[in-house]
Structures are given as C-alpha cells and as structure tokens.
Amino acid sequence: MPSAIRPATPTTGITKLTNCRLVRGDSLVNGDIWVSSRTGKIVQSQRAFYDELIVPDETIDLGGRIVSPGLIDCQLNGAFGFNFSTLLDDTTQYGKKVKEVNKLMVQTGVTSYLPTVTSQTSELYHAVLPYLGPSGQQRLSADGAEVLGAHVEGPFLSPTKNGIHKVDVLVEAHSFGDLEAMYGQENITPGSDKPMPIKMITAAPERGAMTSLIPEITRRGIIYSIGHSEATFEEASAAVSQGATMITHLFNAMRPLHHRNPGVFGVLGKAESHEQPYFGVISDGIHLHPTTVKIAWNAHPEGFILVTDAMHLVGLPDGAYQWRNGEDIDHIVKKGSVLLLEGSDKIAGSSITLIECVNNFLNWSGTSIPQALKAVTATPAAMLGIQDTKGTLEAGADADLVIFSEERTESGLKLVVDEVWKFGARVH
Amino acid sequence: MRLIIRDDSDAASAYVANYIVDRIKHFAPTPAHPFVLGLPTGSSPLGVYRKLVEKYKAGEVSFENVITFNMDEYIGIPRDHPESYHSFMWKNFFSHVNIHPRNVNILNGNAPNLEAECVEYEAKIKRVGGIDLFLAGIGEDGHIAFNEPGSSLASRTRVKTLAYDTILANSRFFGHDLEKVPKMALTVGVQTVLEAREVVVIILGARKALALQRCIEQGVNHMWTLSSLQLHPHPMIVCDEDATLELQVKTVKYFKSIEKVALAQGFEQILPSKIRTGPAPETVIQAPREVEEAQSPTIVAPQPTTSRLLKASTPAAEYPVRSVSPDADLVPDRMASRIPDPSLTQRLTPGPEQSGHRVGAVGA
C-alpha cells in the first residue's frame, strides 16, 4: 500500500527561523536559518533534511527582521550594579554575582563578552580570576551571556596614561614570572582540566620588558593588547611585530596622533612589515568625537571593534557610587550617561550598552547595518580567534542570535533588540 | 495534447502552479493515499517553484502527503555541491514547504552501485503507486530530463553520458573549468515519464521555440525526446508567447480557441475524474460487460499507440482515454488481434507463404 510518511513526532530540538534578513558578511541576505537547542549550534539545514530526515519542531516567521550573530563585548568592567573588580568578603558570592550579570547581560543582545578587571592589586586578581574563566562548556542557554574569559586591563600600564586607574598599583614586568605572580600562575597557564581564565591582557609595551614578553603571552593563547601606553610609533610597531594583535580603546589613554610621530594609532597605517592589529573603539559620544571614530574605521575597517568599556553603573540612577580602585575606595559620579571620577574631569568608563554604540556608529559613519554589526560580531570573534563558533551565522557555529527591528528616529536609523537566542533557544 | 499559451513566463508559471495546487487539492491526499509528484530542475520550473512556495505560505496547499520524485542528478559531485540537483531542490523548493524528507526521492549520483540505484528508483516509483503528475521542462534540443537527442523512447532510469555541448554549457556553473563539470548523470527514462498518469511541461522563451514546434507539429522522433509526449494519454504543455515563435499561426490559434471554447462552456480542459482523485483502492473499474458490449460498435475503437509503448499495467494506462472505452481487457493492441483469422495472431508481418492473407490484413 503506498503511503506518505507522516513526520514522526519525536522532537528534534530544531527551530527554523524563516523570512529573515541574515547578516552575512557585508550584506543582508533574505533566507532561513535553522538552530538546534540540542547542540546549541546553527544547523546545516540541507544536510539535516537529506541525511537525518529532520524537519524542524517549529517554524517562526520573523517578518523580514534582521538576524545577526550575538554581540560580543571585549571590554566590560561591570554591569547591573556589579563591578568585576570587586573583592567580596565571601568570594563564593562573586561567582554568583557573575552568573546574575550573565543572565541580565544577555537581554541587551550581548551573548558573549570578556569581563574586564582594571588595574588592581595581586590579591584581587588571585581572588576573582578563577570566577571569570570561559563559562560556555555546559552550553546552557539558561545561563545567559557567556563569558569568553577575562580581560585584565593592567596593572602593567603607563603611570602617565593611567586614565582613572590608580597609579599606585601600576607596576612593570621584567619576566613572565612577574605576570604569573601578579595574576596567579594557574590563571595564566593553559592546559589542565579547566580552561584558562585570562583571555586578553592590556599592557603598555614600553614598560619594563613587556615587549619581549609578548611572544610568551600569545603562545599561551592570550591576546596581547596595547593600551594605557606612552608608546611611540616605533615602540608600538615593535609590539605588533612581537605579536600584539589588539589595541585597547584606541585614542583613549595613549599619545594622540602626531604628524611626526603617529604613536600607537600609526600601526593602523598600512605597513608591509606587520599585520594591522584590531582595535577597540568606544563610540559613546563622550570618549571620542564622532569624526574620530569614523577616521579610525576608515583607517582599517577589518580591525574595527566597538566596545562599551561600560562600568557597573549602567542602568542605575544619577549620583556618586563607590568604586574600588586598587587599595582605595573612590567614587564615580554618574550624571546622565557621563561617568567621571569624583573630584576630577577624568572619564571613568562609560555607561552605554553595546547596541547603543552600534546605533551611534551607524549614524555617524553612514555605514551599512551589516558592516556596523560586524564591529561587534565577526571582527571581535576573529580577534579572539573564535570566528568559527562566534560572530557568524554559518552552519556549525554557536546559535547565538540577536533579532533586530529597525526604527527610524530623528537622529537616524536605530536597531532595536527584539529577541535574543543563546545556544539555539530563545532567552529574551 | 493540451497546449496552454500565456502572454509571458510569469503567467505561464502561475498557470502551472495553480494547476498543480488544484490537482493536489482535488486529489485530497492522505498518508494512505499520497499524491506522487515528479519534479524537474533547471531554469524553466523556477517560477513554478516560486509560486508553489507562495501558495504554501499563503496556506493554499499542503505538501504533507505529497511524495516527490526528481528527474535526474549529476554523478560524481558531492550531494551538497551548490550545483547539485539536491541543492537546487533544497534551495528553491523543499526548504520552503512542509514536505517531509522521507517523502522526497532524488537519485543518488554517489551511490556505490549506480545501476542498482536506478533499478531501485523505478521500483520505488512503482511501490508508491506510480507518479500522478510529472512536471517537466525541456532543453533547447527538446530533451526531457537528461534524455538527450537520440535517447530511446522506451528508456528507463539509467546512467547517461552528457553531450559535449551540455558539458560546455554547464561549465559556467563550475568556474569554467571543464574538469570540474560532471560528465555523467542519472536520469529517469522517457518511458518513466510517459508512465506518469499526467505529464505537464513548462516551456518558456524564444530559445525553446524550435523544440516546441518539433514536439507539437512534427512526429514522434527520438531526436526530440519531448515529442514522445504525443503518445501520452494526458499531456499538457504550458508555454509563453515567445516559445510559440516557431509554431504556425494556425496551431497557436487552434489551441487558443480550444481553451476559449472550453472556458465558455464552463470548464477547463479537465482530466477524467478518476485521475483527478487518484487510484483509490476501492475504485475497481467494473464495467457492466454485456450491456456495454451490446452498445459498442462491432469494430472495437482503437486504443492509442501509447498502449503499445505503455504496458497495460502502467499508471498512465490505468484509466480509459475516452469515457466510452468499453473494456480494459482490450488493451493489448495489435492490429492482428482485431482480425478474426487465427493465423494472423501469430505474426504481425506475415511470411511469404501467408501473403494471401496479408491483403486481407491491410484491408482491415
């Protein structure tokens, strides 16, 4: 008896998003995307259909909205009232706090990030870094945003480009042992059973023997980023040739571009001797002039990464807030979205979300939506060496997605986070 | 033969898509009674697929109980190669509708035993009860599936070597590198197509005009394999105006007038109702024999020549072509069988010693 086979009822965990505009490279492509909540990955749909005879459990019509890879923030000091550079009396509470932040963070569209610890004493690094290692091994969408590893911004920084970092805690490294002692050997050594907590180190290459230590840092799978530095163009170039692949908040806390010595910015100029590094840019409208952001983008669009450098005060009301800085307790004054160190005019990080950075950049630069999103997806993923699993909608990558709708406002185009998917399941 | 002419390719594609949707709806397929659809690849059916997808998304049709068989597939390129027909079908049709992968059949060009793959494919078609509607496109040389000029009109699913011209033409899809172009393909045969209960062909554009002319206005010829459609009981060709460029004005006007008159009479050129609803198991044709025979002319109406090409057991021959056809038992159709002289039933062409009888045979 001939018979058509009815879709067997066992569920596959696969959701098909249809009628999407998918961010693929520099363009938006109409199409569908299949994600699996079982594997947490984007599914090669044709193969699933022909090989595994799979049909999706559910099809969701997005009505032409934009589907982007989940956003990646490479520099986030804290959020939702919790500062990652905090020493709690009960350190087990620290891990709990990070988990809370992750669950809230994912709602902003950031599906993975590098929690950033500013210049602190060795004691604090030892205490907190074990809680800031990569968190995605379990691949649980309910965990929210995924920590990709810690970004330690300091303390091997230039005392004259300290920003709001406490000068007292800034030190020089003369051997790799100095780094191990500072951060804790197990936090900077790969292998063993747990993934290494540190993913990125911001340090001034001209201080101590730092430039010569870069190869050992990168050999361990850690990104070396030039930042808070007095480096000349020559010193910055030397760092790049030693393996520096990133610049921390370009223009901020470094020598300005001078026509006779372009400083750190100069390494973005095309040179045959080295690769142009990636660079972070804070497009909150306070740290940098919009035109400066545009110049940076034009200098090296493939390296352009938007970061928030946000403090834990995002979303809190105006006022003075306690902030642990080295061994002291300082106060940060929040007035609107401007954060200043109390009693100074120094900018104390930002209180902007990553999608707001993208929207600013979109309107300042007039670039296309996929190009702007690239600065918070594919480019940071490439910088971190995880371009096969993050920052892409290719099959096999992690199914971390943000669904955007577009709003036309007076100030221009605005992307609004409608939905967030983590590891193949909707979390917001 | 039904020839439907529309002003442009869009209208022609829409006609075919509507027709298929209507057929599926009338058929009312169920898991036990699926609609079996034969499908082509290439540029001609693209518009049809697009419109079928639109209709699916608008909720006008479901493919849940539709079984599909594709015409052909290359040999020796990965199944998921962007130019494979698996990829074509996935991209243009299957990924957009609710068809179940278990109901999708495409020849496997990477099968370890290609011959066995072909035999099994034919068997699979038989197992599901034959193809209800075979949609097809044609090449400029009038080929249907990969049955290029000179293919046997009695051919079945098999391995085909591609013509050098075809390989050259295809090289544009493979980075203009002849080395990368598949040289062989698996394809259903002409006979496989003709065995479907209905064949619908979409022909678009001036480049196909000569092929259409050969297939409509000239005889059955293996150099234009589509012309074999003339032997099918229920063929339909849908084309745009450009494709009629080589046809006689008379031909075009004739087919247009038929459609017009039929419409004026309140019906489209529809199929016998049994074909529209498919071979439901309970519908065994039980003609009241005595009565029928009494009313029939003494000389039995000739069956179409298809019945010679198509065995009585094939789906295409399941139903009488004319509503008054008296009896399915008469399908074996040899001129000789109509002549009472028993000696003639032995040979169609009598030997010299029987030449006396041959005069009579010709007269019959």
Side-chain angles (χ1 to χ4, degrees), chain A residues 1-22 24-25 27-36 38 41-65 67 388 393-397 399 401 424, chain B residues 24 27 29-37 53-54 56-59 62-68 70 73 78-82 84-106 108 110 124-132 278-281 315:
Chain A
M1 201 64 253
S3 73
I5 289 126
R6 267 198 193 280
T9 30
T11 56
T12 55
I14 289 178
T15 308
K16 170 182 167 183
L17 304 177
T18 188
N19 203 0
C20 321
R21 277 186 295 155
L22 304 170
R24 290 211 192 272
S27 43
L28 290 173
V29 181
N30 292 321
D32 299 343
I33 187 164
W34 290 29
V35 295
S36 168
R38 297 254 170 90
K41 290 185 176 180
I42 295 167
V43 177
Q44 215 294 6
S45 54
Q46 182 175 336
R47 207 166 290 156
F49 183 83
Y50 286 128
D51 281 342
E52 293 153 54
L53 308 176
I54 281 176
V55 284
D57 292 341
E58 192 186 3
T59 298
I60 298 171
D61 189 337
L62 292 184
R65 283 181 291 166
V67 176
D388 293 334
L393 296 182
E394 290 301 316
L401 312 174
Chain B
I24 293 174
F27 195 95
T30 62
H33 180 50
F35 187 83
V36 184
L37 184 60
V53 169
E54 276 171 24
Y56 164 72
K57 290 195 167 159
S62 165
F63 295 92
E64 194 184 348
N65 295 311
V66 174
I67 295 179
T68 65
N70 263 83
E73 176 59 290
R79 188 199 60 199
D80 295 330
H81 187 285
S84 80
Y85 290 165
H86 277 83
S87 296
F88 177 98
M89 290 308 299
W90 176 246
K91 205 170 101 200
N92 293 300
F93 190 49
F94 296 149
S95 65
H96 307 296
V97 299
N98 66 335
I99 192 152
H100 195 275
R102 289 182 203 282
N103 292 332
V104 165
N105 300 282
I106 306 182
N108 176 8
N110 294 300
K124 248 193 272 180
I125 294 175
K126 286 213 169 61
R127 278 205 295 276
V128 299
I131 290 170
D132 289 298

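In what follows, every heavy atom counts, from backbone to side chain, and hydrogens, waters and symmetry copies are set aside. Residue numbering restarts at 1 for every chain, and letters A, B, ... go by the order of the sequence lines.
- In this structure, chain A has a heavy atom under 4.5 Å from the side chain of B/K57, while its backbone stays farther away.
- Below 30°, between 30° and 60°, or above 60°: for A/F49 and B/F94 the angle between ring planes is below 30°, a parallel geometry.
- Under the 30°/60° scheme for interplanar angles, the aromatic rings of B/F27 and B/H33 are found to lie parallel.
- If you measure heavy-atom distances from A/S45 to chain B, the contacts under 4.5 Å come from both the backbone and the side chain.
- Listed by chain and number, the residues in a salt bridge (Lys or Arg N to Asp or Glu O under 4.0 Å) with A/R24 are A/E394 (sequence neighbours excluded).
- At a 4.5 Å heavy-atom cutoff, the contact between B/I99 and chain A is made by backbone and side-chain atoms alike.
- The closest side-chain heavy-atom distance from B/N110 to B/P78 is not below 4.5 Å.
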